[in-house]
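To start, the structure itself, in structure tokens.
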Amino acid sequence: MSDINTEILNGISRRSWLKMAGIGAGAAGIGLLSGCSQATADTETAAVVAPDPDALAIMSSNENPFGPSPMAIEAMRAEVGNIYRYSGPLLQEFGEMIAEREGVSPDQVLITNGSTPLLAAYSQWATMNDKTVLTSAVTYEGVPRVAEAYGTNVIYTPLDADLGYDMAAIEAQVAPGMAVYLCNPNNPTGRTIDPVVLDAFVDSVSAQGIPVFIDEAYLDMSEDYPAGVMTKYVQMGRPVIVARTFSKIYAMAGQRIGYALMPADMAMEWRGYGHLSSVNHLGLVAAKASLLDTAYFEDMRAKTKAGRDRLIAMAADLGRPIAPSPQGSFIYMDTGMSNAAFASQMLERGVRVVGNRWTDLPQWTRICVGLDHEIDKCHAAAADILTAI
């Protein structure tokens, strides 16, 4: 491993960190990965990020449009010559780092290419252990759809009147032989579970030996973070799984890294499934560097909130209801028409939003945070379509 990579990963000097922190993600990506001068990078970046009115505004994928940490980019650049090696030593090192940060043992940490394999593994585990999956209607499909594909029974409880998880209804369904899945904040509605309510639920259910999987993909974007973090139950040895991803706030959707905290025996069983190996080499070094860049983390929280607030204001201007108080990187909006038709007409105007993905609410669609010019384009397109309603 090169000296510069060791510096990035093990703690950067204050002078170097300040220099990199002042570089925009786009400039860092061009200048650092191509090896060109900073002046050249600045010139090229201006050309790259200038708004193109004809470019497709992608507001359907919950990607972070602001780009990754400059420290992550530099770490990948320094390590790229070593990608012929398997990632075993890096994986162990990163797992130990996560374990120390989270207050658990390394054998309670499972790292994968994004959090999607973890959701699938939970579904597989539920099937192999004769569990019924208990979740809510209109939630992220990673667990329930995979469980159903395995032939596992899934119980869907209705959302409450504000399109949030109805925790009382879920708890009323809890019984031995079940495995609970909660996405907090929920995708696609953006609603968070009240931390006090969630804590009481997880405490009660896990004390009965019933596993609870909490998908925290967007929790670090929420305004009251980290109140809803449920790691303490993993530390206590309860059957609780907490999953996180670097694809969202850390803008690594193309360098997939995710991890889960869970009981050690469960982690060992999941590793035995055989399809969670070969973790992305560059993703590991980028993820480690990202965690060290605390200024970037706070900047992304602020930018995500600003973009979310603009989407909330857009919906208000359009006169369309949304799921209240969204806390992820998106809003969930009632279009007043078929969501599939709305998505089709938006695409004709150069904006991609989610179509008929959640069939329980056929007029509602998820719209994700984009750059300012993309939100402007989305607003104009939606106004053009919805004036006819």
Side-chain angles (χ1 to χ4, degrees), residues 24-25 49 51 57-69 115 138-140 159 162-165 182-195 198 215-229 244-253 290 295-335 339 342-343 346 351-354 357-358 361 364-383 386:
V49 301
I58 302 175
M59 305 181 71
S60 58
S61 303
N62 287 352
E63 297 160 333
N64 180 343
F66 308 112
S69 160
S115 59
V138 192
T139 193
Y140 189 64
L159 297 176
D162 290 325
L163 301 185
Y165 277 119
L182 303 173
C183 183
N184 187 45
N186 188 23
N187 178 12
T189 68
R191 302 279 289 141
T192 52
I193 304 168
D194 182 291
L198 178 61
D215 184 348
E216 296 184 354
Y218 304 96
L219 188 58
D220 41 19
M221 299 175 177
S222 65
E223 294 179 35
D224 63 352
Y225 176 80
V229 172
R244 304 206 179 98
T245 180
F246 286 80
S247 298
K248 305 306 177 186
I249 199 166
Y250 289 107
M252 288 174 51
S290 295
Y296 167 85
F297 176 80
E298 293 302 330
D299 186 42
M300 290 303 102
R301 278 176 49 80
K303 286 182 176 178
T304 299
K305 182 182 184 304
R308 187 172 65 220
D309 287 346
R310 288 201 65 200
L311 291 179
I312 293 170
M314 177 192 75
D317 181 69
L318 296 171
R320 302 311 310 166
I322 64 169
S325 188
Q327 294 295 303
S329 57
F330 48 88
I331 64 169
Y332 198 49
M333 186 178 83
D334 181 354
T335 66
N339 52 26
F342 178 76
M346 289 288 283
V351 181
R352 178 180 293 156
V353 298
V354 175
R357 183 165 162 184
W358 290 277
L361 295 171
W364 291 71
T365 194
R366 189 188 69 193
I367 303 176
C368 310
V369 169
L371 299 174
D372 284 347
H373 74 277
E374 293 176 309
I375 295 176
D376 289 341
K377 188 172 183 176
C378 177
H379 192 162
L386 297 178

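For the atom pair CD1 of Ile331 and OG1 of Thr189, the computed distance is 12.0 Å after rounding to the nearest 0.5 Å. The line from CD1 of Ile249 to CG of Asp220 is 4.0 Å long, rounded to the nearest 0.5 Å. A distance of 8.0 Å separates CZ in Arg308 from OG in Ser222, rounded to the nearest 0.5 Å. Put simply, CG on Leu159 and CG on Leu361 are 6.5 Å apart, with the number rounded to the nearest 0.5 Å. Lys248 NZ to Glu63 CD: the interatomic distance, rounded to the nearest 0.5 Å, is 7.5 Å.
Checking side-chain atoms of Glu223 against main-chain N and O of Gln327 turns up no donor-acceptor pair under 3.5 Å. The backbone N or O of Asp372 lies less than 3.5 Å from a partner atom in the side chain of Arg310, making a donor-acceptor pair. Side-chain atoms of Asn186 come within 3.5 Å of backbone atoms of Val138 as a donor-acceptor pair (strictly under, hydrogens ignored). No side-chain donor-acceptor contact under 3.5 Å links Tyr165 to the backbone of Arg191.
Annotation for Asn184 and Thr192: closest pair OD1-CA, 3.2 Å, computed over non-hydrogen atoms.
Using a 4.0 Å cut-off between charged nitrogen and carboxylate oxygen, Glu374 and Lys377 do not count as a salt-bridge pair.
Scored by the ring pair (Phe, Tyr, Trp, His ring centres under 6.0 Å) test, Phe330 finds Tyr218 as partners (sequence neighbours excluded).
In this pair, Tyr332 and Trp358 present their aromatic rings perpendicular. The plane angle is above 60°, beyond the 30 to 60° band.
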